[in-house]
Q: 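Below is a structure I'd like to ask you about.
If you're wondering where the values come from, they're calculated on a predicted model, not measured in any experiment. The first residue of the sequence shown is numbered 1, and numbering continues consecutively from there. Below, all heavy atoms of this structure are taken into account, side chains as well, without hydrogens, waters or symmetry copies.
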Amino acid sequence: MKFTKMEGLGNDYIYVDGAKEAIPYDKKPEIVRRLSDRHFGIGGDGVIFINPNPRGDFEMEMWNADGTRSEMCGNGMRCVGKYVHDMGLTDKTELAIESGGKMKYLTLTLKDGQVESVCVDMGEAGLAPEVIPADLGKANPEGAAQATVTPVEGIGVQTTEGQPANASQVAVISQPITVDGKVYEMTLVNMGNPHAVVFYDGIDDMDIEAIGPKFENHPCFPQRTNTEFIEVIDRTHVKMRVWERGTGETLACGTGACAVGVACMLNGKTEDHVTVSLLGGDLDIRWDRAKNRVYKTGPAKFVFQGEVELPELNA
C-alpha cells in the first residue's frame, strides 16, 4: 500500500488515497493500529483515507491510532486539502470535504503553485449537552455540585441534523466535574467531535499522562472526550495542551483549538479572534457568533512518502 506521511503543527497522520488503495473496512482497525505504532510501524496519530465523495469534492475517513473511528480532525483536514491539491487530485482552491457525515469547507492559500496554508470553515460549535454528548448527571458524585446549562444570547441557531432547533442556545459553561477526587470546571464544545475545555494554571508542568485518560473515560462522556487544558496569556492569545480521545497527548489538535477559542469567548476571557499556541505551533481561530461558524487557519506539510506491506490482508 502506498502512503504519504503529513503533519499539521506536529499532529501527524498517515494518508492513503482511498481511490487507489482498496482496503477492506473490517481490516482497517488492525492495519491502523500497526501502521500508527511509532516503533513497529510508520508512526502517527492515526490513519486518514482520502476517498471519492459524490456529495462533495472528497471524503476524509479518519481513524485514531488505537484503531477506532473519529468524526473529525482539524489538522488532518488541512493536510487533506494540501494533499488533494499538491498531489494533483484537484486544481480547486475552494473545496468541500466530508468527514463524519458533515461537510467542511476549505480555502487554500498557494505559494509558487503549492498550498502554503489552509483556512477551514469548521462549521457550527455544538454547545448543548445532548450535542456534545454529555450526561451531566454523572459529572459529580451524589451531593456534589449539580449539573447546569447556561442560556446564551447572540449565537446562531444550530442546524445539525437530528438535533433540536435551539440546541446552540444553551451551553455547558464552567460546569464542575469531579475527576479522581478533584473538582475541575469544564466548558463543553462539539466541533464534529466532543471536547472538554479546562482552564488550568501551570499546564507546562501538569501530569497530562495521568489526568488525560481519566477525563477521556469519565462516565459523563458516553462517547469519551478530547480534553484541552488552557492558560490564558491575554485577550488575543492562549496556550493549550491536549489529550486526544483514542490517541493520547498530541502536539496539536485543530478541532481542539476551535473548541478552545469558543470556550474562551463563552467565558469572556478573550476576543472573538484568538491565537491558540499548541506544542506544535500556532493556529488562528475566529468565531462568528452571529452565524455560529468557527474558522481555523494554519499550515500543513508533507513529511515523506513510501510503500508498506500489509500482511493483515492475507490473514
Q: Is Lys296 reaching over with its side chain to a backbone N or O of Met122, donor-acceptor style, under 3.5 angstrom?
A: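 Not a single qualifying donor-acceptor pair exists.
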Q: Enter the distance from Met77:CE to Met62:CE here, rounded to the nearest 0.5 Å.
A: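 It is 10.0 Å, given to the nearest 0.5 Å.
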Q: Can you tell me if NZ on Lys301 sees more than 12 non-hydrogen neighbours from other groups inside 6.0 Å?
A: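 Check fails, neighbour count at 12 or below.
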Q: State yes or no: do Tyr15 and Trp63 share one hydrophobic cluster built from I, L, V, M, F, W and Y residues joined by side-chain heavy-atom distances below 4.5 Å, directly or via other members?
A: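 No, separate clusters.
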Q: Honestly, is Arg286 close enough over Tyr295, meaning NZ or CZ under 6.0 Å from the six-membered ring centre and within 45° of the axis?
A: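 Flagged: Arg286 positioned over aromatic ring of Tyr295.
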Q: Please check if the side chain of Lys5 supplies one atom and the backbone of Gly306 the other of a donor-acceptor pair under 3.5 Å.
A: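 Absent.
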Q: Output yes when a side-chain donor or acceptor of Thr236 lies under 3.5 Å from a complementary backbone atom of Val274, and no otherwise.
A: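 A pair under 3.5 Å: no.
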Q: Answer yes or no: does atom CG of Asp201 have more than 12 heavy-atom neighbours from other residues, nucleotides or ligands under 6.0 Å?
A: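 Counting other residues, nucleotides and ligands, CG of Asp201 stays at 12 neighbours or fewer.
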Q: Do you know the tightest heavy-atom contact between Arg245 and Glu71?
A: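 Shortest heavy-atom separation between Arg245 and Glu71 comes out as NH2-OE1, 2.5 Å.
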Q: Minimum heavy-atom separation for Ile285 and Gly261, please, with both atom names.
A: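 Shortest heavy-atom separation between Ile285 and Gly261 comes out as CG2-CA, 4.3 Å.
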Q: Less than 4.5 Å apart, side chain to side chain, heavy atoms only: is that true for Leu110 and Val115?
A: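 A side-chain contact exists here, since the closest heavy-atom pair is under 4.5 Å.
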Q: Verify, without hydrogens or angle tests, whether Arg241 (side chain) and Ile208 (backbone) share a donor-acceptor contact under 3.5 angstrom.
A: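 Looks like no, no N/O pair under 3.5 Å.
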Q: Counting C-beta onward and ignoring hydrogens, is there a side-chain heavy-atom pair between Thr297 and Thr109 closer than 4.5 Å?
A: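 Not in contact.
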Q: Centre-to-centre under 6.0 Å for Phe58 and Tyr83, is that the case here?
A: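 No, too far apart.
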Q: Taking atom types as modelled, find out whether Thr225 and His218 have a side-chain donor-acceptor pair closer than 3.5 angstrom.
A: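 His218 and Thr225 do not have a side-chain donor-acceptor pair below 3.5 Å.
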Q: Check the pair Leu266 / Trp287 against side-chain contact (heavy atoms from CB on, under 4.5 Å), numbers first and verdict last.
A: CA-CA 11 Å; Leu266 284 173; Trp287 185 28; 3.9 Å; yes
Q: Would you check if there is a donor-acceptor pair between the side chains of Thr90 and Asp57 at a distance under 3.5 Å?
A: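 Judged by distance alone, the side chains do not pair up.
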Q: What closest approach, in Å, do Ser36 and Val47 show between heavy atoms, and which atom pair accounts for it?
A: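 So the minimum-distance heavy-atom pair works out to OG-CG2, 4.0 Å.
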Q: Where is the tightest heavy-atom contact between Thr255 and Gly74, given as atom of each residue plus distance?
A: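 Heavy-atom minimum between the residues: CG2-N, 3.5 Å.
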Q: Would you find a donor on one side and an acceptor on the other, under 3.5 Å apart, between the side chain of Asn292 and the backbone of Ala125?
A: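 Indeed, once roles are kept as given, a pair shorter than 3.5 Å links the two residues.
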Q: Between Ser70 and Asn64, which heavy-atom pair has the shortest distance, and what is it?
A: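 Smallest interatomic distance, heavy atoms only, reads CB-OD1, 3.5 Å.
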Q: With the 4.5 Å side-chain cut-off for hydrophobic clustering, are Met186 and Val183 part of the same group?
A: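 No, because Met186 and Val183 fall into different hydrophobic clusters, even though each may have its own neighbours under 4.5 Å.
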Q: Would a hydrophobic clustering, with Ile, Leu, Val, Met, Phe, Trp and Tyr connected at side-chain separations under 4.5 Å, put Leu283 with Leu279?
A: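 Hydrophobic grouping puts Leu283 apart from Leu279.
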Q: At what distance, to the nearest 0.5 angstrom, does CD1 of Ile42 lie from CD1 of Ile14?
A: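 Between atom CD1 of Ile42 and atom CD1 of Ile14 there are 4.0 Å.
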Q: Is the shortest side-chain N to carboxylate O distance from Asp45 to Arg38 below 4.0 Å?
A: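 Between Arg38 and Asp45 there is a salt bridge, with a charged N closer than 4.0 Å to a carboxylate O.
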Q: Examine the side chains of Asn53 and Glu59 and answer whether a donor and an acceptor come within less than 3.5 Å of each other.
A: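 Looking only at side-chain atoms, Glu59 and Asn53 do not form any donor-acceptor pair under 3.5 Å.
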Q: According to the side-chain hydrogen bond (donor to acceptor under 3.5 Å, both in side chains) rule, which pairs have a member within residues 268-281, sequence neighbours left out?
A: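 Counting only pairs at least two positions apart or across chains, the side-chain hydrogen bond (donor to acceptor under 3.5 Å, both in side chains) contacts touching residues 268-281 are Arg235-Glu271, His237-Ser277, His273-Asp284, Ser277-Asp282.
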Q: For side-chain contact (heavy atoms from CB on, under 4.5 Å), just list the numbers for Ile50 and Val16, CA-CA rounded to whole Å, side-chain angles, deciding distance to a tenth of an Å, and then say yes or no.
A: CA-CA 6 Å; Ile50 302 172; Val16 178; over 6 Å; no
Q: Got a second to check how far Thr227's OG1 is from Leu188's CG, nearest 0.5 Å?
A: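 The CG atom of Leu188 is 9.5 Å from OG1 of Thr227, to the nearest 0.5 Å.
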Q: Atom CD in Glu228, atom CG in Leu278: separation rounded to 0.5 Å?
A: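 Reported value, rounded in 0.5 Å steps: 9.0 Å.
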Q: Could you check if a side-chain atom of Leu108 sits within less than 4.5 angstrom of a side-chain atom of Val118, using non-hydrogen atoms only?
A: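 Yes, close enough: below the 4.5 Å cut-off.
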Q: Any side-chain to backbone donor/acceptor pair from Glu231 onto Gly202? Under 3.5 Å, distance only.
A: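 Pair found, side chain donor or acceptor close to backbone of Gly202.
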Q: Among residues two or more places apart or on two chains, list those pairs meeting salt bridge (charged side-chain N to carboxylate O under 4.0 Å, His left out) that have a residue in residues 174-190.
A: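 Residue pairs passing salt bridge (charged side-chain N to carboxylate O under 4.0 Å, His left out), neighbours aside: Asp180-Lys214.
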Q: Is there a side-chain contact (heavy atoms from CB on, under 4.5 Å) between Ile97 and Val120? Walk through the geometry before answering.
A: CA-CA 10 Å; Ile97 298 179; Val120 183; over 6 Å; no
Q: If you round to the nearest 0.5 Å, how far is CG of Leu106 from NZ of Lys82?
A: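 Between atom NZ of Lys82 and atom CG of Leu106 there are 13.0 Å.
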Q: So does Thr68 get a backbone contact from the side chain of Asp66, meaning a donor-acceptor N/O pair under 3.5 Å?
A: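 Between the backbone of Thr68 and the side chain of Asp66 there is a qualifying donor-acceptor contact (under 3.5 Å).
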Q: Does the side chain of Glu244 reach to within under 4.5 Å of the side chain of Glu249, using non-hydrogen atoms?
A: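 Glu244 does not reach Glu249 side chain to side chain.
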Q: If two hydrophobic side chains count as joined below 4.5 Å and joins carry through other members, does Phe40 share a cluster with Ile31?
A: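 Cluster IDs for Phe40 and Ile31 differ.
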Q: Could you tell me if the side chain of Met240 sits less than 4.5 Å from the side chain of Val238, heavy atoms only?
A: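 Of all side-chain heavy-atom pairs linking Met240 with Val238, none is under 4.5 Å.
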Q: Without swapping roles, check the side chain of Asn226 against the backbone of Pro194 for a donor-acceptor pair under 3.5 Å.
A: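 At least one qualifying donor-acceptor pair exists.
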Q: Taking the basic N atoms (NZ, or NE/NH1/NH2) and the acidic carboxylate oxygens, is any pair closer than 4.0 Å for Asp17 and Lys2?
A: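 Salt bridge flag = no for Lys2 with Asp17.
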Q: Between Phe229, Phe221, Tyr200, which is the residue that forms a ring-ring contact (aromatic ring centres under 6.0 Å, His included) with Phe215?
A: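 Single pass found, and it is Phe229.
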Q: Passes side-chain contact (heavy atoms from CB on, under 4.5 Å), His195 versus Cys258? Steps please.
A: CA-CA 10 Å; His195 293 271; Cys258 292; over 6 Å; no
Q: If the plane angle is over 60° it's perpendicular, under 30° parallel, otherwise tilted; pick one for Phe3 and Phe304.
A: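 Plane angle over 60°, so perpendicular.
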Q: Do you reckon Tyr13 sits in the same ILVMFWY cluster as Val308, going by side-chain contacts under 4.5 Å, direct or chained?
A: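 Per the 4.5 Å side-chain linkage, Tyr13 and Val308 are not co-clustered.
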Q: Is any side-chain heavy atom of Ile23 less than 4.5 Å from a side-chain heavy atom of Leu310?
A: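 In short, these two side chains touch, coming nearer than 4.5 Å.
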Q: Nearest 0.5 angstrom please: Glu312 CD to Arg33 CZ, how far?
A: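 Output value for this atom pair is 9.5 Å.
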Q: Tell me, do Met1 and Leu35 make a side-chain contact under 4.5 Å, heavy atoms counted?
A: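 In short, these two side chains touch, coming nearer than 4.5 Å.
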Q: Hey, are the side chains of Met60 and Lys104 touching, using non-hydrogen atoms and a 4.5 Å cut-off?
A: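 With C-beta onward as the side chain, the pair stays apart.
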Q: Do you know which two heavy atoms are closest between Pro222 and Ala134, and how far apart they sit?
A: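 The answer is CD-CA, 4.2 Å.
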